[in-house]
Amino acid sequence: MNNLTTEEKLQHFLNASIEDAQNRSQKMISDYKEALAKIADEHKAETLKKAELQIKVEEDKLQRNRNKEISKQVLHIKRKITKKQAELKDKLFVEVAHMLEEYMSTEDYTKLLVKEIKEAVDIAGESDVTIYIDPADSESLSKLEMMTGASLTISEYSFMGGTRAVIRDRNILIDNSFAKKLEEAKENFNFNGGISHE
């Protein structure tokens, strides 16, 4: 090296400096690329996370909307079923009332009235009892009094057949009217199992 001329020494120094600068430059570029790659990865991960969160939010929203729509449809169907059941129930009990009217012209109906009148007399015992029959049964008054030995009263208003008895001194009403029985049957009726007795 000592044998080198000044010019050669300068050239050698220049070459060494350029090489060193190039190495440092390469290192800086490499570090910069690594930093950029890291930033890019972080940004990508964050963007992906945001996108996943957005998708989850949208999925939840869609699920809520779907559930709301299903609930709305179920409620609408239930209302339609309830309305139809009410119509069918009314129709059914109109038919039942008609069948009761037909039943009132049978011998079995007369037997039922006799049984109810005798039961009312038994329940009254020594107490005074007023036994009412429906105005529709007024023609059978004498026959029923003869068959039961009881004094009967024709009601001022119809209760669709059957009997009613009042034992005033004991505050007792025995209501065997068809109107009462029909009302109770209608109240306790459901389409799942007919008439429920709770």
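Every heavy atom of this structure was used, including side-chain atoms; hydrogens, water molecules and symmetry mates were not. Numbering of residues begins at 1 and proceeds along the displayed sequence.
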Shortest non-hydrogen separation from Ile154 to Pro135 and the atoms involved:
CG2-CA, 3.8 Å
Does a sphere of radius 6.0 Å around CD in Glu7 hold more than 12 heavy atoms from other residues, nucleotides or ligands, not counting ones at 6.0 Å or beyond?
no
Evaluate the side-chain proximity of Thr110 to Lys143: yes if any heavy-atom separation is below 4.5 Å, no if none is.
yes
Should the ring pair Tyr103 and Tyr109 be called parallel, tilted or perpendicular, given that the plane angle runs from 0 to 90° and is split at 30 and 60?
perpendicular
Flag side-chain contact, heavy atom, 4.5 Å: Lys61 against Arg64
yes
For a 4.5 angstrom cut-off between non-hydrogen side-chain atoms, does Lys72 reach Glu69?
yes
Please report the interatomic distance CD1(Ile55) to CG(Leu62), rounded to the nearest 0.5 Å.
11.5 Å
How about Glu116 and Ile133: do any of their side-chain heavy atoms sit closer than 4.5 Å?
no
Count I, L, V, M, F, W, Y as connected when their side-chain heavy atoms are under 4.5 Å apart, and connections chain through other members. Are Val166 and Ile172 then in the same cluster?
no
Kindly indicate, with the supporting measurements, whether the criterion side-chain contact (heavy atoms from CB on, under 4.5 Å) is fulfilled by Asn176 and Leu112.
CA-CA 10 Å; Asn176 286 318; Leu112 176 72; over 6 Å; no
side-chain contact (heavy atoms from CB on, under 4.5 Å) for Thr148 and Val121? Distances and angles first, verdict last.
CA-CA 9 Å; Thr148 60; Val121 170; over 6 Å; no
By side-chain hydrogen bond (donor to acceptor under 3.5 Å, both in side chains), Lys84 pairs with (sequence neighbours left out) none
Could you state whether Met160 and Tyr132 fall into the same hydrophobic cluster, counting links through intermediate Ile, Leu, Val, Met, Phe, Trp or Tyr residues with side-chain heavy atoms under 4.5 angstrom apart?
no
For Gln63 and Arg66: C-alpha separation, side-chain torsions, deciding distance, then whether side-chain contact (heavy atoms from CB on, under 4.5 Å) applies.
CA-CA 5 Å; Gln63 186 70 34; Arg66 194 183 70 151; 3.1 Å; yes
Compare every heavy atom of Met104 with every heavy atom of Asp137, then report the nearest pair and how far apart it is.
OD1-CE, 3.8 Å
Not counting sequence neighbours, list each pair that qualifies as a side chain to side chain donor-acceptor pair (under 3.5 Å) and has a residue in residues 50-60.
Gln54-Glu58, Lys56-Asp60
Hey, is Asp20 close enough to Arg24 for a salt bridge, meaning N to O under 4.0 Å?
yes
Output yes when a side-chain donor or acceptor of Ser17 lies under 3.5 Å from a complementary backbone atom of Phe13, and no otherwise.
yes
Expected output: side-chain Lys89 to main-chain Lys186 donor-acceptor under 3.5 Å
yes
What do you reckon, is NZ of Lys180 surrounded by more than 12 foreign heavy atoms closer than 6.0 Å?
no
Would a single hydrophobic cluster contain both Leu141 and Leu144, if residues Ile, Leu, Val, Met, Phe, Trp and Tyr are joined by side-chain heavy-atom contacts under 4.5 Å?
yes
Let me confirm one number: the CD-CZ distance from Glu101 to Phe178, rounded to the nearest 0.5 Å.
11.0 Å
Separation between NZ (Lys118) and CE (Met147), nearest 0.5 Å, reads 7.5 Å
Student check: side-chain heavy atoms of Thr163 and Leu113 closer than 4.5 Å:
yes
Taking ring pair (Phe, Tyr, Trp, His ring centres under 6.0 Å) as the definition, give me every residue that meets it alongside Phe159, ordered by chain and number, with sequence neighbours left out.
none
Quick one: CD1 on Ile29 to CG on Leu36, what's the gap to the nearest 0.5 Å?
11.5 Å
Given the options Val129, Thr130, Asp128, Arg168 meets side chain to side chain contact (heavy atoms under 4.5 Å, CB included) only with Thr130
For residues Asp134 and Ser158, report the shortest heavy-atom separation together with the two atoms involved.
OD1-OG, 3.2 Å
Arg170 side-chain N/O to Ala124 backbone N/O, donor-acceptor pair under 3.5 Å:
yes
Kindly determine whether His98 and Glu102 satisfy side-chain hydrogen bond (donor to acceptor under 3.5 Å, both in side chains), including the steps that lead there.
CA-CA 6 Å; His98 180 66; Glu102 289 177 355; 3.1 Å; yes
Taking the side chain from Tyr32 and the backbone from Lys27, do they hold a donor-acceptor pair closer than 3.5 Å?
no
I'd like to know whether Lys115 forms a salt bridge (charged side-chain N to carboxylate O under 4.0 Å, His left out) with Glu119, so could you lay out the CA-CA distance, the side-chain angles of the two residues, the decisive distance to 0.1 Å, and finally the verdict.
CA-CA 6 Å; Lys115 179 177 167 280; Glu119 281 174 358; 3.3 Å; yes
Approximate separation, where rounding is to 0.5 Å, of Leu100 CG and Leu182 CG:
6.0 Å
Should the heavy atoms of other residues, nucleotides or ligands under 6.0 Å from CD of Glu87 be counted, would the total exceed 12?
yes
Tell me if the CD atom of Glu19 is crowded by more than 12 foreign heavy atoms within 6.0 Å.
no
So, taking the atom named CD in Glu184 and the one named CG in Asp175, what distance separates them when rounded to the nearest 0.5 Å?
8.0 Å
Would you mind reporting whether Leu92 and Leu88 have side-chain heavy atoms less than 4.5 Å apart?
no
